[in-house]
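All remarks here apply to the structure that follows.
All values below were derived from every heavy atom in this structure, side-chain atoms included, with hydrogens, water molecules and symmetry-related copies excluded. Letters A, B, ... are given to chains in the order of the sequence lines, protein chains preceding strands, and every chain is numbered from 1.
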Amino acid sequence: MKENIINSIKRSAIWLVLLLLVIFFTIANHRFLSMNNLFLVARQVSMYGIASIGMTFVILIAGIDLSIGTIITIVNVVCAYLMVKLGFGMVEAVLVSVLMATAIGALNGFLVSTIGIPAIIATFATQTVFSGAAYLISGGIPIFGFDPRFKVIGQGYLGPVPVPVLIMAACFIVGAFILNKTYFGRYFYAVGGNEEAAELSGIRVGRIKYLIYSLSGFFAGLAGIVMLSRTNSAQPTAGLGYEFDVITCVVLGGVSIMGGLGKISGVIAGVLIIGILTNGMVLLNVSSYTQMIIKGLVLIFAVGFDTIQKKNSVA
Amino acid sequence: MSEDYVLQLKNIRKEYPGVVALKDVTLEVKKGEILGLIGENGAGKSTLIKTCSGAVIPTSGKIIVNGKEFSEMTPQLAKENGIAIIYQEFNNVGELSAAENLFLGDPIRKGIVIDRKAMEQEAAKAFEQLNIKIDPKTLVKHLTVGYQQMIEIAKAIHQDAKVLIMDEPSAPLTNAEVQSLYNVCELLKSKGVSIVYISHRLEEIFHLTSRIVVLRDGNYIDTLITADSHVDELIKLMVGRELKEAFPPRPLFDYEKNTEVVFEAKNVTGNGDRDVNIQIRKGEVLGLGGLVGAGRTELAQMIFGDVQKTEGQFIFKGKEINPKSPREAIDLGIALVPEDRKRHGALLGVSVKNNINMPIYKTISKLAFIDTAREAATTEKYRKELLIKTPTIQQNVKNLSGGNQQKVILGKWLAANSELIILDEPTRGIDVGAKFEIYKLINQLVEIGKTVLLISSEMEELIGMSDRIVVFAEGRITGELKKEEFEQHLILKMASDIQED
């Protein structure tokens, strides 16, 4: 009984933190709790949110994907290049570049699963490779001048709600469905819990890894499209450092870096915390360097919490 | 009087929650003798020797080394008092040279840099003393298992060990290597070093030792003078008692009536096994006997598609099969309940429900969406049939007892509708009551027409549960016994590959 109470506190701890943050910033700055600002927060975090779905899957199987920032960048550059330089239609350009993002994810899957390179190294390597490729394609300068309709994805509104927020919400729903309602979700948890036992239960672990890294690439690709539409210009450094924020969101959301544990609902909270923290700090004029320090500390806190919990449950 | 003994373990008792691993065991080692320590799997040999290194802390009893009394040891104390244990797993570092391994953790140094030359000279001397021909510069990973073991021994001697305890030292060795092991043992003995030699191979015990200590079920049974004892006597002492544990009755398997062969292995080689031939009939429980590492688990891995065979054929229900992965084997109707339940069998962090449905999720899903009603119904069905004790089906399997975990694994394979079920040490680490339930389940399995391949190192279980027994030794089949021929000492002889005289 007592254990149940402790567990439910642990489970809802993340929401408690979120609430405290909201209260803190509301008191600290009167502009914080306005409808406008809250939608702004949601719009700002939408790219984290979208990319976090794939990262959640990856971390669930005790993997890591450091390449998503680069994938976001190269999707920006390639999609823009296709539209501006090669005269592709909007839809075709988006499809091709998201497909490419998925393929880069599949390449990560190949390196991790078939070759057997540790995920941290494999995705670090692809990060570097495609970062270079993005520079080569763009020539190091921004590409812009898109069809005005393209703006809708990142800047449009449906009623009062920004379109990217809707996309993020749709992604969260899809992610939650995959994890809870499909057999893939069951497989992910099993592989993350114990790869060997999962294989011996009839799960083809190798294929699952391909799928997961491909999905990570796919969601990063979507995030890249949203970003391109929002900024209306492809920068060769567009997604720089995104993997850090996304990993922070996911781990903060209670997905265990040791694999096998985590929920989409927690990740939503994690994304919101990072969003509110960033937005709140901007409103309070905290310098961007100080922001970096605070975000780094948040990551240490989140991983440390997870590690200590895991240790206690083993002992 | 106690000066005669360099090491005495007196009235050692070790209790684990719910189990007494050692009851009042006494073992005394004289200076310069080779003492044999024998007993079946689970007799408590390893637990006993681990008390000497501090890896196991005795609940009560005394450890006396050269007259100094200890209630418990630590690795440091053991080293200081000249006790060294050579485990089956070596502590060598493959990427370092033989010399560096000899000085592992305590290198010869010149200031802050290691003095490789001095170490190599010292190592050469140490190896020479033991008549071992190893170039100190060779990387250990390039050495055979036999030489790696020699380095372990040399390390122990170099650290001035007076008592050397060897746990199944010959298990991984070739015949030639066993011969050099004998030589080293004799040499050490002549230098006044005492050796405790643990082995399943009685011929070695007879060849080397002067006295033999027999353990059984954690009890001290007897100490014999080797010269006055006989193989049959030893086996009787090791096996001892009448079948104490009851096995649920099952009608005799009728070989006249049930002629359908469900599974056959023809000249199968691979994964350490050589030329294995077995046939299993539908509804039969075929027991695989042998020592740990005899090649039974290895055969199971090949049948289950986890490791590929290199030669030979598997024939399942009349068709040749070649499962490339467990998934393929499962889809064919083959199931494996692995030896290491916690590592390979159950998904501990996953619920009972998800464990049971894991192999069938694809079939109970439409467009990847799980039919949750069916998922729950399947779980409930096997929870009831197998009497799985769990508060809810959402409970994580790690919170269940060993016996119930094993039932969850069995339930998973019943849900997958497997026909050939391979059980690898299904009752290891399970308490007696739950064991009996597992035995009943095995009976139920064959009753409903399933076929069981039972791998067990527990003699009683093997004899009590099998319709027929095939015995393995060193990757080969060394004998087959019909039900009326079941005898513990026969199986043990086949397993140690000692020919009947």
Side-chain angles (χ1 to χ4, degrees), chain A residues 1 3-4 7-8 11 57 60-62 113-114 173-212 215 254-263 306 309-310 312-315, chain B residues 300-301 304-307 323-332 334-351 353-372 375 391 396-399 405 408-409 412-413 415-416 418 422 424:
Chain A
M1 194 58 213
E3 210 168 281
N4 282 341
N7 276 338
S8 54
R11 261 197 300 277
F57 296 161
L60 258 187
I61 61 160
S113 171
T114 308
I173 290 170
V174 169
F177 258 97
I178 292 178
L179 276 191
N180 299 323
K181 300 290 177 195
T182 73
Y183 66 81
F184 291 111
R186 304 283 202 271
Y187 284 5
F188 295 173
Y189 285 107
V191 172
N194 182 342
E195 260 184 45
E196 283 174 303
E199 182 81 38
L200 292 176
S201 294
I203 299 171
R204 298 185 201 249
V205 174
R207 292 188 192 180
I208 292 298
K209 286 186 179 171
Y210 266 91
L211 175 68
I212 280 180
L215 283 175
V255 181
S256 168
I257 34 168
M258 286 88 164
L261 281 177
K263 282 174 156 179
D306 176 43
Q309 287 236 98
K310 206 58 175 206
N312 289 344
S313 76
V314 168
Chain B
Q301 287 172 332
F304 196 55
D306 197 26
V307 177
K324 293 275 185 295
S325 65
R327 180 76 253 169
E328 285 182 28
I330 292 164
D331 291 341
L332 286 164
I334 298 171
L336 172 68
V337 177
E339 189 177 358
D340 192 335
R341 184 175 60 245
K342 289 179 194 286
R343 253 183 69 202
H344 299 138
L347 289 153
L348 295 178
V350 169
S351 70
K353 182 179 75 176
N354 293 6
N355 262 281
I356 288 181
N357 286 284
M358 201 53 81
I360 58 164
Y361 269 127
K362 231 176 202 165
T363 44
I364 62 166
S365 299
K366 276 197 186 111
L367 290 170
F369 284 87
I370 297 163
D371 180 345
T372 46
E375 183 189 25
N396 280 353
V397 168
K398 71 173 162 213
N399 298 327
Q405 290 180 353
V408 169
I409 299 170
K412 164 173 88 176
W413 297 130
S418 308
I422 307 171
D424 196 353

* Part of B:Ala346 lying under 4.5 Å from any heavy atom of chain A -> backbone
* Asked: Under a 4.5 Å heavy-atom cutoff, which of B:Asn354, B:Val350, B:Asn357 has the most pairs with chain A?
  -> B:Asn354
* Give, for atom CG of B:Asp340 and atom CD of A:Glu196, the distance between the pair rounded to the nearest 0.5 Å. => 8.5 Å
* Structure fact -> Closest non-hydrogen contact found for A:Tyr187 with B:Lys362 is OH-N, 4.2 Å
* Is any side-chain heavy atom of B:Asp306 less than 4.5 Å from a side-chain heavy atom of A:Leu200? -> yes
* **chain A contacts, top residue of B:Lys366, B:Glu328, B:Glu375 (heavy-atom pairs, under 4.5 Å)** => B:Glu375
* To do: Could you check A:Tyr183 against B:Phe369 for side-chain contact (heavy atoms from CB on, under 4.5 Å), going step by step and ending with a plain yes or no?
  => CA-CA 7 Å; A:Tyr183 66 81; B:Phe369 284 87; over 6 Å; no
* Side chain to side chain, B:Ile370 and A:Arg186, heavy atoms closer than 4.5 Å -> yes
* Asked: Quick one: NZ on B:Lys342 to CG on A:Asn194, what's the gap to the nearest 0.5 Å?
  -> 12.0 Å
* Asked: Can you find a pair of side-chain heavy atoms, one from B:Tyr361 and one from A:Phe184, that are under 4.5 Å apart?
  -> no
* **Student check: side-chain heavy atoms of A:Ile203 and B:Arg327 closer than 4.5 Å** => no
* **Shortest non-hydrogen contact between A:Ser201 and B:Leu347, atoms and distance** => OG-CD1, 4.1 Å
